[in-house]
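First, the structure itself, so that you have it in front of you.
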Amino acid sequence: MAVKYNTDFLGDVISKDEWKAMAPFTKEAFRMVKKGSGAGNDFLGWVSLPDDYDKEEFARIEAAAERIKGSCDIFVVLGIGGSYLGARAAIEFVKSPLYNNLKKDTPDVYFAGNNISPTALTELLSICEGKDICVNVISKSGTTTETAIAFRVFKKLLTDRYGVEGARSRIFATTDRARGTLKQYADECGFETFVVPDDVGGRFSVLTAVGLLPIAVAGIDIKELMRGASEARAAYSSENLFKNDVLKYAATRNILYRRGKSVEIMVGYEPYMLMLNEWWKQLYGESEGKENKGILPASVVFSTDLHSLGQYIQEGRRDLFETVLSVKNPGASFVIPEDDANVDGLNFLAGKELDEVNKTAMIATLFAHNDGGVPNNLIEISDRSPYSLGYLIYFFELACAVSGYLLGVNPFNQPGVESYKKNMFALLGKPGYEQEGKILRKRMK
């Protein structure tokens with residue numbers, strides 16, 4: 001398997017009998033996912049997606065990516081939440097967090113429309129000066145505020161620079177199959193469109209056109225990504241908790257949560273894991289955080305964050321546990337040199353691979369945090385290939401769905417996300433929100 005779940009560093013907090021006691025509940029939660037019998041069952045398209053994806057659209061995605069690579073210096077992806085996190089995580093994990101700065105034969109990929117920052121938008125426009133640009137706007141409705149504002153700006157930029165006809169061939173819309181403001185507008189303008197499936201929620205959409213087009217533009221083999229997810233689906237088909245790592249991870253989270261462990265910290269030991277952690281945080285936070293329930297997802301990148309949050313994790317409140325991601329083959333080799341002066345006293349490391357030191361730091365930290373009373377899950381990944389990443393994505397998505405049902409919530413809705421939007425519209429004077437605006441402005445006095 002490309003992904004393995006290791007429980008050796010949980011400490012003595014969970015016995016085999018406790019996993020056995022959880023087994024029937026985990027089995028039932030898994031069956032709810034497979035049979036579509038639970039809450040939110042109209043958003044389970046991601047379950048079979050690695051095998052049942054639209055092959056015709058997939059070919060169009062590959063063809064569009066080739067055209068973009070041949071005509072653009074910069075590819076700007078406009079989207080927020082699940083509309084950008086998965087793609088950015090994949091590019092940084094497989095390629096590099098410094099992807100845009102590396103020598104390559106693919107375009108730089110920038111992500112916008114995920115904030116309302118005038119500074120960020122102005123800086124990106126400056127970067128785009130004198131460069132050939134293509135844009136991928138991702139929104140099911142076309143009315144998401146952050147993304148829609150950015151699209152207004154980049155649509156005008158492309159139209160001013162290339163004319164209406166030239167802009168048409170450089171704008172790609174990933175949106176609803178048949179309805180919505182963006183779909184209607186894209187059809188009117190003649191933009192090539194790709195589909196956000198009706199039965200796949202945003203945070204589960206990385207293996208749809210939402211994630212696949214930007215990932216392919218960055219030169220990543222999306223066939224291998226899907227193959228990894230497909231083989232993960234087959235590997236995690238058993239209903240036996242002790243034969244299915246996904247179920248065991250979901251059960252472990254639930255047991256720890258019932259013990260008062262309300263915070264899960266995702267730990268990476270490489271900078272290229274930073275955005276993968278961010279994708280994971282949305283997946284679990286938006287799926288489980290409702291009805292006053294849920295484990296708060298947090299993240300760190302060690303050893304960097306050992307010098308900022310390490311003290312708290314070691315000796316702070318004992319309401320947390322860690323899930324550590326370890327890549328067996330990081331894809332890079334660097335031997336530590338010897339220094340004649342040995343001012344730093346580190347010549348005992350000379351000749352060692354830097355990755356060996358990094359993994360030793362990981363093991364040392366696992367032991368230290370265990371001794372400090374922090375249970376640790378360890379998820380081991382073979383390498384940084386698209387195949388292994390696809391495998392890992394499916395592992396986390398399936399575990400998330402099972403975990404949500406074990407928690408007793410609908411893992412596929414997000415009713416709380418709308419609250420800030422309604423208040424923002426009311427305060428900005430959007431038509432139809434006048435009364436709410438009056439009430440909020442009184443509260444501000």
Side-chain angles (χ1 to χ4, degrees), residues 57 60-62 64-102 104 106-117 120-128 131-142 144-158 167 169-176 182 186 191-196 200 202-220 222 225 274-276 278-279 282 386 389 393:
E57 182 177 64
R60 286 200 303 113
I61 290 170
E62 291 184 306
E66 289 304 311
R67 293 199 306 275
I68 292 165
K69 285 189 278 188
S71 62
C72 296
D73 303 309
I74 293 177
F75 185 56
V76 181
V77 182
L78 307 177
I80 195 167
S83 294
Y84 92 99
L85 281 171
R88 185 169 176 183
I91 292 169
E92 295 199 7
F93 183 86
V94 176
K95 294 290 187 175
S96 169
L98 300 176
Y99 167 81
N100 288 340
N101 303 103
L102 300 177
K104 54 191 181 298
T106 51
D108 291 349
V109 180
Y110 286 94
F111 294 88
N114 50 61
N115 56 59
I116 320 177
S117 165
L121 185 57
T122 302
E123 289 173 349
L124 180 54
L125 290 172
S126 177
I127 290 171
C128 290
K131 302 290 181 66
D132 279 321
I133 309 163
C134 290
V135 170
N136 179 203
V137 55
I138 306 171
S139 174
K140 197 167 180 65
S141 65
T144 304
T145 304
E146 295 88 342
T147 304
I149 290 172
F151 184 44
R152 281 189 173 206
V153 173
F154 278 94
K155 180 181 61 177
K156 183 178 187 304
L157 187 155
L158 265 64
S169 65
R170 292 176 176 273
I171 297 175
F172 301 82
T174 306
T175 187
D176 190 87
L182 181 56
F191 305 148
E192 183 166 8
T193 61
F194 300 98
V195 174
V196 181
V200 179
R203 57 189 176 275
F204 288 85
S205 67
V206 61
L207 298 179
T208 71
V210 170
L212 294 178
L213 180 58
I215 292 169
V217 169
I220 296 171
I222 57 175
L225 190 72
L274 177 63
M275 290 308 300
L276 182 64
E278 294 300 311
W279 169 81
Q282 187 203 2
L389 178 60
I393 287 169

Worksheet item: So, does N100 use its side chain to make a donor-acceptor pair with the main chain of V109 at under 3.5 Å?
Response: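 Yes, because the side chain of N100 sits within donor-acceptor range (under 3.5 Å) of the backbone of V109.
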Worksheet entry | Sole residue of L212, V210, I138 in side-chain contact (heavy atoms from CB on, under 4.5 Å) with S205 |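 Only match with S205 under side-chain contact (heavy atoms from CB on, under 4.5 Å): V210.
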Item to complete: Please report the C-alpha distance between T147 and Y84 in whole Å, then the side-chain angles of each, then the deciding distance to 0.1 Å, and finally whether the side chain to side chain contact (heavy atoms under 4.5 Å, CB included) criterion is met.
Response: CA-CA 11 Å; T147 304; Y84 92 99; over 6 Å; no
Fill in: Gap separating the OG1 atom of T174 from the CD atom of E192, nearest 0.5 angstrom
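The OG1 atom of T174 sits 9.5 Å away from the CD atom of E192.
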Practice prompt. State the CG-OG1 distance between L213 and T208, to the nearest 0.5 angstrom.
Written response: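 These two atoms lie 10.5 Å from each other.
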Discussion item. Can you tell me how far apart CD1 (I74) and CG (L124) are? Round to the nearest 0.5 Å.
Written reply: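 Between I74 CD1 and L124 CG, I get 7.0 Å after rounding to 0.5 Å.
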Worksheet item: For the atom pair CG (L121) and CZ (F154), what is the distance rounded to the nearest 0.5 Å?
Response: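 Going from the CG atom of L121 to the CZ atom of F154 covers 6.0 Å.
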Discussion item. Within the structure provided, determine whether F111 and I91 are in side-chain contact (heavy-atom separation under 4.5 Å).
Written reply: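 F111 vs I91: side chains touch.
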Worksheet item: What is the distance from atom CD of E57 to atom CZ of F194, rounded to the nearest 0.5 Å?
Response: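 Interatomic distance, E57 CD to F194 CZ, rounded to 0.5 Å: 6.5 Å.
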Worksheet entry | M275 vs L85 side-chain heavy atoms within contact, under 4.5 Å |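 Touching, per the 4.5 Å side-chain cut-off.
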Worksheet item: More than 12 heavy atoms of other residues, nucleotides or ligands under 6.0 Å from NZ of K104: is that the case?
Response: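 For K104, atom NZ is crowded (more than 12 foreign heavy atoms under 6.0 Å).
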Discussion item. What I'd like to find out is whether the side chain of F151 reaches to under 4.5 Å of the side chain of L182, using heavy atoms alone.
Written reply: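 Result yes, sub-4.5 Å side-chain heavy-atom pair found.
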Worksheet item: Looking only at side chains, do T106 and Y99 share a donor and an acceptor under 3.5 Å apart?
Response: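 T106 vs Y99: donor-acceptor pair found between side chains.
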Fill in: CG-CG distance between L225 and L207, expressed to the nearest 0.5 angstrom
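Those atoms lie 5.5 Å apart.
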Discussion item. Side chain to side chain contact (heavy atoms under 4.5 Å, CB included) for V137 and F191? Distances and angles first, verdict last.
Written reply: CA-CA 10 Å; V137 55; F191 305 148; 6.0 Å; no
Worksheet entry | Test item: Q282 side-chain N/O and G82 main-chain N/O as donor-acceptor pair under 3.5 Å |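 Between the backbone of G82 and the side chain of Q282 there is a qualifying donor-acceptor contact (under 3.5 Å).
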